[in-house]
Every structure is written in C-alpha cells, then in structure tokens.
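Take a look at the structure below.
Small disclaimer: the values here were computed from a predicted structure and weren't measured. Reminder, nothing fancy here: chain letters follow the sequence lines and each chain counts from 1.
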Amino acid sequence: MKIKNIIAALFAVLAITVGCAVEEDHYLSEVSLSTTYVAITMNGGSTPVQIDATDSWSITGAPSWLTISPASGSAGQSTINFSAASTLDGRTAEVVLTCGGKTQNINVIQGLATVSKATCAEVIAGPESKTYLVTGICTRIANTSYGNWYLDDGTGEIYIYGTVNAAGNYSWSSFNIEVGDEVTVQGPKTVYNGTVELVDATFVSVNKSLIKVAEIDPEDAVLPIEGGDFKVKLSNKGTGIYVEVPANAKDWLSIAAISGNTVTFHAAANAGGDRSTTIVFKTTDGKKEYTAEQAISQKGAIIECSIADFLAAAVGDTQYRLTGIITSVANTSYGNVYIRDWSGETYVYGIGKKGDFANLGLKVGDVVTLVGKRAEHNGSAQLGSGQYESHISVTEVTIAEFLAKEDNPNVYYMVSGTLDEIANASYGNVYIKDADGNRLYSYGCYPGWGATGNNRKDAVAKYGLKVGDLLTIIGAKGSHNGEPQISNGVYFSHTPAN
Amino acid sequence: MKKAFKCFLAVAAFLLMIAPAFGQITTANLAGQIVDEGGEPLIGAAVVAVHTPSGTTYYAVTNEDGRYTIQGMRTGGPYEVTYSLIGCQTVVIPDIVLSLAETYQQNVVMKTATELLNEAIVVATASSKFSTEKTGAATNISNQQITNLPSVSRAITDVTRLSPYGGNGMSFAGADGRMANFTVDGANFNNNFGLSSNLPGGGNPISIDAIEELQVVISPYDVRQTNFIGGGVNAITKSGTNTFRGSAYVYHKNENMQGDAVDGEQITGARNKNRSTTYGFTAGGPIVKNKLFFFVNGEYSMVPSIVNRWRGSDNGVADPDNYVSRTRLSDLQRVSEYVKSKYGYDTGSWTEFPANENNMKILARLDWNISQKHKLALRYNYTKNNVWNSPNGSSMDGGPRMSGARMSQYSMSFANAMYSMQKIVSTWSLDLNSRLSDNVSNQFLATFSKLDDVRGTNSSEFPFIDILDDTQSNNYMALGYELFTWNNAVHNTIANVKDDITWYKGNHKVTAGISYEYQMADNQYMRNGTGYYRYKSVDDFLSGAIPQVVCLTYGYDGEQYPAARVQFHKAGIYAQDDWNVTDRFKLTYGVRIDGLFFDNGDLMTNKAIIDKTYYPRVYNYEETHIDTGRWPTSKVTFSPRVGFSWDVFGDKSFKVRGGTGLFSGRLPLVFFTNMPTNGGMVQYQAQIGPSTRYANLPDAVKSRYASVNDILAQFGGGLVTENGQANVAALYNKLVGMGFPSTVRPEDGTVPSAVNGVDPRFKMPQVWKSSLAFDYSFPTSFPFTFTAEGIFNKTINAVAISDWSMRDVAGFARFNGADNRPIYPTDFRYETKAFVLENTNQGYGWSASAQINMRPIESLSLMAAYTHTVNKEITGMPGSAAESAFTYVPTNEGPNYIKLHNSQYVTPDRVVASLTHHDKSGNHYSFIYEAWRGGYNYSYMTTNDMNGDGYNYDALYIPTDEEVSGRQFRFVSSDDQTRFMDFVHNDKYLRTHQGSYAEGYSVYSPWVHRVDFSYKHDFTVKCGKNTNTLQLCLDLKNVLNLFNSSWGVSKYLNPAIGSDARILKYEGVDAEGYATFSTPSAISGTTETFVPNHALGQCWYASVGIKYLFN
C-alpha cells in the first residue's frame, strides 16, 4: 500500500510538472489594435483601425501628410482612421500610441518607399542597428577570413566588419574585392570603440578598377614650397593610361615624363598659400572607362604675425599663423572663437573640421596657434579656414590652489583675485589676493599673449586697472627668492571695482 | 512554479512520513542482515571483510536487528568476507567486488553448529542479481571495462559513453556539458571557468591508466552528491596492493592509420603529417605489507608539429610559396644584436622556433591503513598540456593596424616572441575513513584543485615592439614579450572540505555531514602588459627615434595581477536516513542546505554605470540600476531528496526503484567575470598613437602636454628604462609621472560600450529530478538483466541573460499576415546595452532508457541500451561572452523573449551496445556499437535580421499552404514561392511544423552508426619466478568506415544551404505592410537537407600500442 502510494505520488509529481504551457507572443494588456502596420493606398484615402483600450489614449508623432482621426480617445472600443492624400512616391511613418503609461508603436505605409542609398556621412550620423546600402571605394583590407575592410565614398570612411554573401556566409574570395575597387554593400550599423561599422554586410556588387595607384613619391603626396617632382606609379590592367593636369592646377603643375606605368609631375615653387588638386588617371578595357585618383598638395608660405598685422593685411589666399588666447566662444561645434594677443583680437571662423574644437578639448583661456587666411564677413575681419596647429591648455585655479602647484614654466594657469597693489605700473607687476587673504605676486601683467620687449608694457594704463578690481591673469607658476609668483603673467580680463 | 514547488514539498513530506541506502563519492559500502535458519536475526555476529590484494581489513558486528554495515571501504576487490558467531557455522564468502559509491548487499543465513568442538566452515558464493542498492540513475564503469574499451584519444569522455545518458562529451541527459561535475577522488576536475566545455588540462586531465573505477550519475538521491545539473562523473584512482605490479606502455597513431575519404571522395590533406605518441607507466605495491601502499602513474604524449614555417630572406624579397619572408636576415640579426647590447634582452633565435605540442601527467597515491579503525588515502596529480603559437597576427592598439601578420611574407619575428598555451591541472585529495565505534563511522575528505590556463613564453620581461617597413605600409619585424601574453591567464582554485558521520541503529543508517567549498576564478587579460612600441622603420628603432605608438596596460593601485575575479564560499549541511523499512523495501530521505556567499572585495562600483536607469523585464519594467561593484546577495538553497528501492518478490529478481529531489549545480564562471571584465575598474590602458583622441586623455596629461605628438615626443631616445632595464616598472613610472592615472575611484568610471551585470537576485542553477526504474533479472543460469528507467527534470532556476536596455516588445508594431513578428523600432534601445545574468524557471526535460546486460558465459559480456532524451530550455548559453550567450538563440520576438525550445545539447535518440570477449589464449576482443540521431542540431532561420533587433538569429515562420495561397505569407516572385514550398514539402521538420515558428535547435541530423573495435593479445613472459605479460593492442574507431567510405559518416547540413539553416530572406514589406521573402538560390524541391560530412574526423582511425605488465 505504501509502495503504491509512493509510485502514485511520483506520477502525480510528473503530471503536475509536465503541464508546461507554450509561451505566447507578447502583447500589451492595456491596449490592442486590429493592426499595427497600417497601409494606405497610393491614391489616398482612409484606413480604419479598431482599438480596444483599457484607459484613455493618444497618438503622437504623425507627419504632416498623415491625418489620424481621432488622435486620442478614452477607454473602450472605437475606430481610428488613418488617412492621407494621394502621393506619387511611397512614404512611411512611425507613430506612437500611449495608453495607460505604455507605448504602442504603429507603422504606417503609403505605397512602397524605395530603398535609397546612404553616403558614409549619412551612415555615421544615422542611428545604430539601421541597415544601410552604401557604395564606396575599398581603401584597406584588414581581414580576409571574415572580410573586414574600410569603405570610403568621399564623405567619410566606415569599417565593414564582416562581408557575407546572400546566403549569409563569409566567402571573401568569391567577392573578389581589392583595394581601389568600388563596392556596394548593405548591412546594419553598429559603433564599436568609436568606429562606425556595418556588421556582416551583405555583398551587393563590385566595380573592379582596372587602374590603381600603386606607389607615390613623396609618400605623403605633399610637395615642399620650393616645388619639385611628384612620381606616381600605377598598376594598370587596362589599355593605356590617360592623365591630364586639372585645369585648376595647370599654372603650377605639369607632366614631366611618362615612362611605362610611372607618371612624373613637376610642381613649380609656391609663393602663395597652400594649394592642392586631384589628378585623375584613366584607362579603358575598350568598353568602359576606369579611373584612379590621386590627391596632391603643395605647402605654401605661412606668415607668422601679430593679430594687429593680420587685421591690417588684405583678404587673400596667403596663410597666416596666429597665436592668441581664446577670449570667447561663439560656436563650439565648429569652433568659432575670438582670439586675442597683445596687439589685438580677431574672430576665427571655425577651427579644423566640425567637432575638432570639442575633440581637442579647447576652452576659453587656452592659448591656440592657428593657421588660416585673412577673410572678411559683412565687413568684419576674420581668420578663414582656420587649421589647428597646437595649443597650451590653461587650467583655471584659485590662488590657494596655484600656490600649491609645483614650479613649472610650461604649465599655465588662469588665476583670479582682487588687485591689491600695483608694484610696477609699466610691466604690470601686481599683487592679487583672495577672500581668505592669500596674496599672490604676479611678475608681469602683459597686455596680451606673445608680447616681447616694450610691447609688454602698459597694460595697467591700457585696461585702466585700479586697486580693488577683480583681475584674471594667465601665467606659469614660478618663484623668486623663494617667494611663489606668477611668472610672466598675461592679462586676461578684469572687472572694475563697483 | 511556486505552485509546483509547494506540490513538491507536499509530496516530499508525504514520502518522509511513510518511510533508505546510497552512494558516496570515493569509497564503497558493504551491508546486509544475518539470520538463523528460522529467519531470526542473529545479534553480535562478527563480520570480517578482507580486501585480498592489500590485506586491508574491515570489521563489523551485527546489531539487534542482525544487521551490519561497513562504510568507507576500498572499491573493487576481491574481498573475502567471513561471518562468525559462537554456536554457528562460520560462513566465508570470497570474490565480492564492490562498486564505487554503491552499497553491496550481502545477506547470510547461518546454521547452528552441530558439532560443538568442530566448527565447520561453509564457503558460500557471493550474491548476484542487483546486489547493489541504487535508487536513482547511475552507471558504474569498472577498471576492467575501461581497459577493454576501444579508445584512441584515451579520454574520459570515451569511457563515459557506456552510460546510456552519455556519448556527447561531458553533456549528460541533454544538459550543457559545462554544467556537469567531474571529480577524481573527490577533487574538482571541472572546467569551472567554462570558456569551452572541454575538461581542463587540454581536455584530458588524468590518464585513464590511473583510474580504478568511475561512476556516471544522473539522479543520485544521496544528499552528499551535488554540484551538477545534467550529470556527474566520479572517478577514483588506483591504489597499491601487497603485490608489486607495474606496467609500461606506448601508444601511437599517425596519418596513415586513418581513412582519407568520405563517400568515395578523397579529403585533401588527409595524409599530411599528423602523429602522436603516448608513453606511460604505472607502478604500485606495498611499502609496509598490509599497512602502507603506493601507486604512481606517469604519462607523456607528444605531437610533433611545426608552428612557424616562415624564414627571413637574404635579399629582401618574399617567396610566399616557400615560406620565405621579405624581412632580411641581416635586419633580424642587427635588431637582435642591438637590443642585446643596449638593453640586455635576448630576442631568441630568428631561425629556430619552438614547436612541439606535448602533454605530461603525473599521479601519486598513498594508502595507509593507520589502524583497523582508520584508513587514509592521499593522492596528488599534475597535468600540463603545452601548445606553442606564433605571436598574434596584427592586432595592436593606438593606431591603424597593418594588414600583414607578424610572421608572414611581410614580416618576421623571433623565437622569444612566440608564446605557449599551458593548461595545468594540479590537485590534492586526502581521504580519511574511520570507524569510530561499532555503530559510528566517519569520512573526512579534503581536496584542493588548481586548474589554470596560462600563457607561457621564453622571453624575459621586455616590451613588445613592432617595426614597420620603410614605407610604413606594413609590418616588417616584431620582437619582445608577446603583446597579449603578459599575465594572460585563467586561474581557478578550489578547496573542498567535508566530513560525513554515519550512525547506524537498527534498520536505520543516519548520515549527517558538513561541507565547505572555496572557489576562486579569475580571468587576467592585459593587452600590452609589458608595454608596446611601434617604430616606423628599423633605422628609427635603432636610432632611438620617436615611436609612432606607445601603449601599456597596468593595474590600478599598483596591482601586479589585475584580473576580473570572482570568489565565493559555499557551505553545506546535510542529513539523511537510509531506512530498511522491510527486508524488501528501503527508503532514503534527506535534505541538503547550501549557502552561497560571494566576496565583494574584488569589485568596485562604477558610478557611471550605476547612475544609468534601466527598466528590465525581470523587474516588471520598474526602474532598476546595475551595480557592477556587487555580486549577487548570499543565498541558501534547500535540496530535499527521497529515494526508494523495492525488491518486489523478495528474491531480487524484480526491483522497482526511484525517487525525487532537488539538485543544484554550477555555472561557467566566465559569466560572472564578464561583469568586472567589462566594468572598467580593473586596469588602465594607456594607448598613445595616431588613433588616440587627445580629448579623451586624462586631464592631468592634457595639462602638461598640448597634443598627442607632444606626449609621444617624450618617448624619443629609445625604450624607457630603469637601471638599463626596459621593464614594466620603468614604463609605468614614466607614464604615471606624465599624469596617467595610478588609481581609480567609482567616480572615475566611464560607460563601457556594453554593460555586463549580474542580477542581485541571481541564484545558481537548480533542477528538480524525479525518476522511476524497473530492474528485472531473467531466471537464467547466467546473469541476464533488463532495466527500464525514466527520469523527469523540471527547472527550478536556470540561467538566462537579457539586455536591460531594450524596450518592451509588447508595444512594438508588427507585420501584417501570417508572420506577424514584432518590428524593432530604431529606438528599441533606450540606454547603453546591458547584458545581465538572471534566472528563469522555465525548462523541463525527460529521458527514458531501456538497457540489457548479459553474461552468458564467464568470458563474454554483452550490454545494450537505448535512450530517448528531451530537454527544453530558454538558453543553452552558447558562447562565453555575454552578448553571444544572449543572442545566438533563434527567436521571432528578439533575444529578450526566447521561447522554450529543445536544448542545443540534446542528442534525442541514442543506442549504445558493447560486447567483450576473452579467450584462454590471451585474446581480448571488445566491440562498441553506437548510433545516434542529432549529432548536429540546427535551427531554421531567415538569412537576415528580419525583426530589426540587430541580431541575425531570426526564427523562420513556416507558412501553411493555405497561408501562401491566401497571400497571408508573401514571396517576391512565384519562383521563390515554388522553390521554397517544394523544399518545405520535402523536409520532414518543415512539413510537420507548418503554421508555426521554427523551434530553435530542433532539426536533427539523421542517424549515424559507428562501431569501434579493440583487440588485445597477451604474450606470457617468464621472468625468473615471475610471469609477466606483454600486451599488443589495436584500437580501431569507426570500423564500418574502413570497409566502405560512406559508412559510419554522419550527415550534416548541406553546405549549399550554409553552415546555418537559413533558408528564406526577408525582402522588406510590401505596400500592404506584409513581409515579403525571397528564397536563396540553393533552396528548391531537389535540395537535400542533409549530406555526408566530408571531414577527416568522419573517417576510421586507429592506434597501436604495446603494454608490458609485470608483477
């Protein structure tokens, strides 16, 4: 009897646990819709969708071409009409219905939206996990078992992390992709360690280039100011090599020799600013033309001068190198700033590429060295196409913090304090102090960055500094006779007392 | 599940009310009852059991019920057991052989002595027919069986296939092999870290010549057994005896001892050099007769190989066909001599490189019969597997990597830049078995295991240096300490102590015990651990020019071995009663309570991570934060178990046995260490080079240096040295002096590209197993038995991973039509990816097996078993990175919503049979037949990411014919439709699952049949007064393939389809919001799903061996 019971109990246990229900798909319990993919005909019209909600609801995010009526409602069953006028091109929209604190996505389609190609720049700016169709030149191949390579279409470069065929398999050799070929792939975007990638991109097509630049001399394709030869060795599988000096470079670049697959160009000496061009090499297989491009640039003279001299110069292509303190920032993404040295102040219309300013970590107070052209906008002078060269990062510290720093003539700080005493009005040797009574000697308060000789003088008079003003000085930590000081301080700003 | 658990408790309680005997891990037991002719129990009878080979003696006295039990005996035998009582005839039973972890049941009827002065001795025969007392599913494999098995790999997993539930590596009963438990003499031999399911020490941690016996357990209801989900393997090693015995052996296999064709088609490279030789010996004997014994085993196997074929050139011109690199020998010499003279560093040869792969195993064991009451065993083993590798191809940090590998036609390296992968196993086991009184015995077991996978090198401490060619377009030369080798290791240390005390009274045997386990696992990985420099040319390097790249990874706060580490303590307490309710019915019930306590000292919270807000599904989409500075909170698990054994007719001819209970298991620890590995609080990676972003550098560095080039300029003038040594400390001090951080605080944390976390509520895996079995012994004159067994498993806690950054799929728009899976919107992730380890209670499985064993004549043994296995799970945690474990399971709703599916580890149908025969002329024959269905498990999927979740594992929807004709499932063309539907109609799985999503891992490869054969012949060698044996052996795997190259070959997915069963491509929606599909060109009505696998491993192969046995 006991035994029977045990066996019965065991089977009971088995029976209870076997009854595992198959898990169903997941839907919101708050709201249900007859469809969440609403199709409207190309000719325009209205598509009804039944809604059964447990709470009041509303729909947001509709584009102007789409009318949703009603766009909100209360608990219970009702009908929502999605309507649109007729359209020539297909279009889609994604709207969001909110009900009881939950969101329901609804996709709307009117006609077929064509899959459009994206540029690398669009991929880089676009959302992750989205699939893109991109065409560009294979610039470098990193891995041939999975097919990892770099694709550049001129707007930017993305990494193709894995290339697969239509069946989803890695099959690198079957794609026959070489550096220089124009390749079309389609795949989802991801960002890995800052690199924008298409992961396991599906290979679409390759346009083989019959001509490639194999070697160049000099390797960086940058010729010196004095001019000289530029050699391009091509690898060519087509018939003949056709090359022409671009019209915009004919006055300084010429073809010196063509010998076999090597073309030698000659650049004249450069009296003006930097200049560059892109040479196009062509060949043919008898039916179609294939090209390879090579950019070349030549350094121009760069004039190093004070900001005052720069402002006095004429607008043109001549390059100037300016060094000054960033006094204010007009636009952080392009790096539109004002910089000032001892002689004057100018507007800089952009430092490097968009984003460089932020990436370099530049801020007000930093000392930057830039190269650019004298330009003008609405009558105001500005430094155009400013290229970043270097900067000194200036750290803002309190007097107490400054006093704790080690002496180092190469590390710059920005210190503020109340002007306590003017020891030397000519060079601006002053004492500043803080609310806690810390007093700091600044050996020099020069009118601005870069001053030498007599230009260092008379900041006190120039800015009308008086005891009691709140003064901000930039300089390095030093000491004199054991006493800490700001060595060769430079005036940054002041707020007059009262 | 709560309901089910309550029900379990109710059943367990019920079973406990009504009414016992089980296994152990390192020893065996003997028990029984002594009665007189009238069936009355005889009290006070003496039982003396002598282990004949070693003279080890065990004593017992029968109690008031006439019962006796001897715990903690040596397994094997033979034993001679003497039963005596004044006034009765003494009974002697020779040739009792005990099995590991089992209780041998020997009942005796003693006759009253008729002649008082002349005590007669009766020699009886040992009981046969299920003399052991098992309740759950377990298979014992004796030393003799191991010796007879055909095996070429000589691996444990070749032996465990004799279990009906084995056959697939360490995966038992369809469970993940990484969650099985392998112990040797009680010591942990698991691949606990779990980067693969291979056993430690290169997959073969102990020589099978050192194993005395092993047991495969699936559902043992003994509360002393724990730490596995699918199954456990308990092995014990050989001991010395009173006779000096030994053996020496050599096994060899090479490329000519294997097939070279499948299905009549030659396999390329089949005859390429591929040989391995194993040498070994065993020796055992007495140190003090009857008292102290030793046993030792040593084994060494070697695979001659070539790791690097590349050589430098004289003229700077590469000849890739002949493995000549463009790198000039003169440059190699120049650089080598330069670093020798300047830094005292030896680059190693540039013409001779390390190569051979080898494996060494040592084992030593002492058995000490301290007294009649105390027996001690001490065992040590050491295994080291060593494989050489060329330096990493071209990976580097800080700049664009070059396309040419460091040892290739473009570049050359040096011998000391190579590294080895060393897999080391070192374990201790101390086992003290004591008989404290007639009624109380005790076992104390302490074990220690160190299982390490470390990288080795012949290099001294020195940075790794890449030198580019003069055009800086590719690698040219590399030297130094391999850049990913310094401190690159996985360490695993386990210490176990347990003590069991057994007290027997009447027909009860009560065992209580405590156990403690400490476990530490860490994963050390430092890129550029000794520093990394890249120079633009050989001249740049030799002249001390400014390098292009400088890198160093170092631990915070001076930590020399920064590692992602997990440490935990597990304390267990357990008690059980083995109760002979009647002579025919035995019941065992008990409970085990385990506490798991993590050590949070290895972690630091990353403020940037914890500040993020997640709304995960497991917390019902409530606001939650991830603290990567905390392990899960301490947990206590209860494992109640009950088992029974019922001798239905009282003659042991028919037994019913079974039980039910909870089992808790292990988890690959990599899933824990993934958290600190990705937490960013362990080590700092200084990387300075062209791809370094100045803005991302520490402020302290930026305040001193205006640009990356400024920083690099500090490294001109050659490698950074201290006292002339270019060591880690020198570079570290320099970098820290330049402002790079030396310490880290929670506030310094940055957000990684993906957060890895562990749910604080996380519990170790737990499963509820129940089984019922019938053993029937046929009334034949020879042993002939039949067993049928059923096991049911219900998951209590299984492991799962989800991404907490994904929004609830319930609110996503869905396609119209039959395949109406959700469409992931572009903002489906609202935060940084966060892969969090958590539990699921979904999952169940069952196995049914039938087995016969037969021994028609003494020299012939036959066994055959069939097993059907079902195991349903949420995830088999494929891979070791959190993201792969999370995403490699096909779903229609996305990886956070995986549905219960067939486990990827299941072999649904399996047959195993063995035949061994010995004859009197010294011939031994052994055959094993194995057949299985589903060696490869596939999932039908779309070729692309249909639901837009970013993971290309989208389960296929298999439409019905009506759905296709009714345009509820749409193809882009009628050709696509025809080819696809023809394929569906011809494929059994698809045909029978139309109208549903394809279940993951549910398409099984067809049956494959294999026969393995072993033949051994013994030659008798007279050596003085001893008779030694010379044994020649031939082991042949997959014999059928030897006769026909199509036989014994498993079929796998037609490569025309691909490596995955992706048979439909999503082509976007049509204007009505229906998904449309195209069919890959390979798919049509004539496409075969499975074709023979043309791989070398499918062919027959063999090894030959010579063994000399002396005694």
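Every residue was checked against the salt bridge (Lys or Arg N to Asp or Glu O under 4.0 Å) condition with B:Glu1067, not counting sequence neighbours, and none meets it. Residues forming a salt bridge (Lys or Arg N to Asp or Glu O under 4.0 Å) with A:Asp366 (at least two apart in sequence, or on another chain): A:Lys363. With sequence neighbours left out, the side-chain hydrogen bond (donor to acceptor under 3.5 Å, both in side chains) criterion links B:Asp827 to B:Arg807.
In this structure, OH in B:Tyr694 is found 6.5 Å from OH in A:Tyr388, a value given to the nearest 0.5 Å. A distance of 16.0 Å separates OH in A:Tyr412 from CZ in B:Arg704, rounded to the nearest 0.5 Å. To the nearest 0.5 Å, atoms OG (B:Ser691) and CG (A:Asn193) are separated by 10.0 Å. Expressed to the nearest 0.5 Å, how far CG of B:Asn820 lies from OH of A:Tyr27 amounts to 4.0 Å. The distance from atom OG1 of A:Thr36 to atom CZ of B:Phe815, rounded to the nearest 0.5 Å, is 10.0 Å.
The minimum heavy-atom distance linking B:Ala695 with A:Gly361 is given by the pair CB-N, 4.2 Å. B:Glu1072 and A:Ala39 make their closest contact through CA-CB, 3.5 Å (heavy atoms, listed as atom of the first residue, atom of the second, distance). Considering all non-hydrogen atoms of both residues, A:Ser393 and B:Lys702 come closest at CB-O, 3.6 Å. Between B:Ser703 and A:Val411 the shortest heavy-atom distance is O-CG1, 3.7 Å. B:Asp1070 approaches A:Ile109 most closely through the heavy-atom pair O-CD1, 3.6 Å. Scanning both residues, A:Leu112 and B:Ala1071, for their nearest heavy atoms gives CD2-N, 3.7 Å.
Neither the backbone nor the side chain of B:Asn896 comes within less than 4.5 Å of any heavy atom in chain A. Neither the backbone nor the side chain of A:Ser390 comes within contact range of chain B; no heavy atom of the residue lies under 4.5 Å from a heavy atom of that chain. Proximity to chain A is absent for every atom of B:Asn944, based on heavy atoms less than 4.5 angstrom apart. In this structure, chain A has a heavy atom under 4.5 Å from the side chain of B:Ile823, while its backbone stays farther away. For a residue to count as touching a neighbouring chain, one of its non-hydrogen atoms must lie under 4.5 Å from one of that chain's; by this rule A:Ile141 touches chain B with the backbone only. Only the side chain of B:Phe828 comes within contact range of chain A, judged by heavy atoms closer than 4.5 Å. If you measure heavy-atom distances from B:Arg693 to chain A, the contacts under 4.5 Å come from the side chain alone.
In this structure, A:Tyr161 places its OH atom where only 12 or fewer heavy-atom neighbours from other residues, nucleotides or ligands lie under 6.0 Å away. Around OH of A:Tyr192, the count of heavy atoms belonging to other residues, nucleotides or ligands within 6.0 Å does not exceed 12.
Between chain B and the residues A:Glu94, A:Lys189, A:Arg140, A:Lys102, the most heavy-atom pairs under 4.5 angstrom are made by A:Arg140. Heavy-atom pairs under 4.5 Å with chain A peak, among B:Gly790, B:Gly404, B:Ala810, B:Ala1082, at B:Ala810. Most heavy-atom pairs under 4.5 Å with chain A: of the set B:Ile1083, B:Val1069, B:Val809, B:Thr826, this distinction falls to B:Val1069.
Side chains of A:Asn169 and B:Ser1059 form a contact here, defined as non-hydrogen atoms less than 4.5 Å apart. Put simply, the side chain of A:Tyr37 does not reach to within 4.5 Å of the side chain of B:Arg814, judged on heavy atoms.
Interface residues of residues 142-150 of chain A toward chain B, defined by a heavy-atom distance below 4.5 Å: none.
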Item to complete: Could you check A:Val199 against B:Asn952 for side chain to side chain contact (heavy atoms under 4.5 Å, CB included), going step by step and ending with a plain yes or no?
Response: CA-CA 10 Å; A:Val199 178; B:Asn952 197 7; over 6 Å; no
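Remark: the B:Asn892 side chain and the A:Asp25 side chain contain an N/O donor-acceptor pair separated by less than 3.5 Å.
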